[in-house]
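Residue numbers start from 1 in every chain, and the chains themselves are labelled A, B, ... in the order their sequence lines are given, proteins ahead of strands.
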There are 2 protein chains.
Amino acid sequence: MVTEGVSRPGSGESRAQDSRDEILRAATDLFATRGFHETSMAEVARSAGVSKALIFWHFKNKEELFVAVLGKLLEPYVIDFAEESGALDEKSQLLKLIESYLQFVRENANSIRFLVAQILRDEAGHDSLSSQVLSLFEGYRSLVTELIARAQAKGICACNVPPPEAAGFLLAALNGLLIGRLFLGSGTTDLDTGGKMLQQWLFGDKLGFAQTPQFMNPDK
Amino acid sequence: MVTEGVSRPGSGESRAQDSRDEILRAATDLFATRGFHETSMAEVARSAGVSKALIFWHFKNKEELFVAVLGKLLEPYVIDFAEESGALDEKSQLLKLIESYLQFVRENANSIRFLVAQILRDEAGHDSLSSQVLSLFEGYRSLVTELIARAQAKGICACNVPPPEAAGFLLAALNGLLIGRLFLGSGTTDLDTGGKMLQQWLFGDKLGFAQTPQFMNPDK
DNA sequence: CTTCGGATTGACCGCAAGGTTAGTGGCGGT
DNA sequence: ACCGCCACTAACCTTGCGGTCAATCCGAAG
């Protein structure tokens, strides 16, 4: 009879799962910092505290381990934006969308870095990763497009370019802020300031910019 | 006596240079498309039409070949923007700056892709590449900052955020357009549209957006 | 206790990579 | 004509990789 539950240390049922998780954790670390080709299975094994052969018992080959890592990395990306903003008006929804994008970038900078590097490498987009990320992005994009269209129809939107272009530009700006954060950690526009400027661009809100007074050209 | 000039095919002086250039060309191609670790010296040799050993005669090792390639890739990046826009007013200079940035992205998408991947890989910024690109970017950034400050002082600038923030946002938006082009070739805001929207944001110019009529919400 | 099967390992293999070396061809100088 | 050196090559060496295999360990069921 199966009296064992789950996750008992050393219990028969969970031992395989434990080692598998540990391998996945180590592989995620190493792949994310060193990259795919620069990480050897021996390194993963050592870092996970298991033998190299055990990795090949869990995963058919290095490629399969890699896609498992990708899957694990992509998990936090699939949050349903539309879900969590039901009863808000268009402006609040857009602001919330921007804020959650920036928040997400803040929290997942490392894995984003890794995924970007990975996407840049596979060249042809034949990989599933590119298309996954792309469809994720497209969902976000179409959501923003529709929100802007409705906001414009209600007259609460200061910018008057067609919604698809506006949405594209909005996302481009957000991605640009992301890039700034990824490449040039400090010295660039920080995320919140960028978000505020997008808000100003979208709705014409006047916002206080209290920083860098040495540049407020006090001449004349 | 040295009667030979340069670049005569088969002449003693230039033979080494020719083969070196050919190797560099092949290596640049392969590194840019496949990446560093995915490109073997044998491939480079075959693509360059020379023996593998000759590569090691020209370059101490694979790493040195790689930095030579990086140097060659970075060459077109160091164009002096300030030089080529002497007698223009601030608005024209800014527009020209934006246009040349977009033009550059259009023409060098492949090498940019490669450099980005490379920068993302080295993690700590200890590499010379990151700092080179970063200083390049900083120059561009400070130039834009000053231009915006002067434009605001003359009252020809519609946007009223502090110049450093405005410049940062402008560059972020440009980088975002770049990202769109790099990742999701089509289906995103194309470069020119993005440039026009930036122009509108900076100077408040009204511009015609003739495209995507199916989205002009003809309801009501 | 024995048995059974999933979990785990050390030792091993083939191979392709980066790198080396001994040697050859050919051109310029004398 | 000969020599010396630069450019260049074929073949080789070594290392470390992804991947395999037979052998073991170990908890659970009978």
Side-chain angles (χ1 to χ4, degrees), chain A residues 1-28 30-31 33-70 118 121, chain B residues 1-31 33-70 121:
Chain A
M1 187 188 296
V2 182
T3 54
E4 288 294 351
V6 288
S7 76
R8 282 274 295 287
S11 96
E13 173 61 38
S14 68
R15 252 175 63 227
Q17 189 61 275
D18 285 350
S19 67
R20 192 192 147 98
D21 287 347
E22 192 59 25
I23 289 168
L24 223 43
R25 188 203 54 78
T28 303
L30 288 171
F31 282 153
T33 56
R34 288 205 235 279
F36 179 75
H37 285 271
E38 300 88 327
T39 301
S40 73
M41 298 300 261
E43 282 178 302
V44 175
R46 181 156 32 83
S47 166
V50 298
S51 75
K52 196 176 58 163
L54 183 58
I55 304 181
F56 287 95
W57 186 85
H58 279 295
F59 306 92
K60 184 154 56 80
N61 50 28
K62 192 181 180 182
E63 204 70 25
E64 192 178 298
L65 171 62
F66 181 66
V67 307
V69 165
L70 284 188
Q118 217 50 50
R121 204 162 324 173
Chain B
M1 188 186 296
V2 182
T3 56
E4 288 293 353
V6 288
S7 77
R8 283 274 297 285
S11 99
E13 173 61 37
S14 69
R15 254 174 62 224
Q17 188 60 270
D18 286 351
S19 68
R20 193 192 146 96
D21 287 348
E22 192 58 25
I23 290 168
L24 223 43
R25 189 203 53 78
T28 303
D29 266 15
L30 289 171
F31 281 152
T33 55
R34 288 204 236 277
F36 179 75
H37 286 271
E38 299 86 329
T39 301
S40 74
M41 297 301 258
E43 281 177 303
V44 175
R46 182 155 32 82
S47 166
V50 298
S51 75
K52 196 178 55 164
L54 183 59
I55 304 181
F56 287 95
W57 187 85
H58 278 294
F59 306 91
K60 185 154 55 80
N61 50 31
K62 192 181 182 183
E63 203 71 24
E64 192 178 297
L65 171 63
F66 181 65
V67 306
V69 165
L70 283 188
R121 203 161 322 173

Starting at atom CZ of B/Arg20, determine the distance to atom P of D/dC8, rounded to an integer number of angstrom.
-> 12 Å
Do A/Phe59 and A/Leu24 come close enough that some side-chain heavy atom pair is under 4.5 Å?
-> yes
Lys/Arg-Asp/Glu bridge criterion (N-O < 4.0 Å) met for A/Glu22, A/Arg25 = yes
Take the protein atom CD of A/Glu38 and the nucleotide atom P of D/dC17, then report the distance between them rounded to whole Å.
-> 12 Å
How long is the line joining CD of A/Gln17 and P of C/dT8, in whole Å?
-> 11 Å
Closest to the side chain of A/Phe56, out of D/dG18, D/dC8, C/dG19, is D/dG18
Whole angstrom is fine here: how far is it from CZ in A/Arg46 over to P in D/dG16?
-> 12 Å
When the nearest nucleotide of DNA chain D is assigned to B/Ala53 and to A/Ala42 on a heavy-atom basis, which residue is associated with the more 5' position?
-> B/Ala53
C/dT8 phosphate, OP1 or OP2, under 4.0 Å from A/Ser19 side-chain N/O = yes
B/Trp57 CH2 to D/dC6 P, straight-line distance once rounded to whole Å = 8 Å
Is there a side-chain contact (heavy atoms from CB on, under 4.5 Å) between A/Lys62 and A/Phe36 once you walk through the steps?
-> CA-CA 9 Å; A/Lys62 192 181 180 182; A/Phe36 179 75; 3.8 Å; yes
In sequence, state the C-alpha distance, the side-chain angles, and the governing distance for B/Ile23 and B/His58, and then conclude on side-chain contact (heavy atoms from CB on, under 4.5 Å).
-> CA-CA 9 Å; B/Ile23 290 168; B/His58 278 294; 3.7 Å; yes
Check for a donor-acceptor pair, side chain of B/Thr33 on one end and backbone N or O of B/Leu30 on the other, with a separation under 3.5 Å.
-> yes
How many Å lie between NE2 on B/His37 and C1' on D/dG16, as a whole number?
-> 14 Å
Choose from D/dT9, D/dA7, C/dT8 the nucleotide whose nearest atom is closest to any side-chain atom of B/Val50.
-> D/dT9
Toward the 5' end of DNA chain D, which comes first, B/Lys52 or A/Asn61, by nearest nucleotide?
-> B/Lys52
Whole-Å distance between C/dG6 C1' and A/His58 NE2?
-> 11 Å
What's the CZ-C1' distance between B/Phe59 and C/dG19, to the nearest Å?
-> 16 Å
For A/Ser40 and D/dC17, is the shortest distance between a side-chain N/O and OP1 or OP2 below 4.0 Å?
-> yes
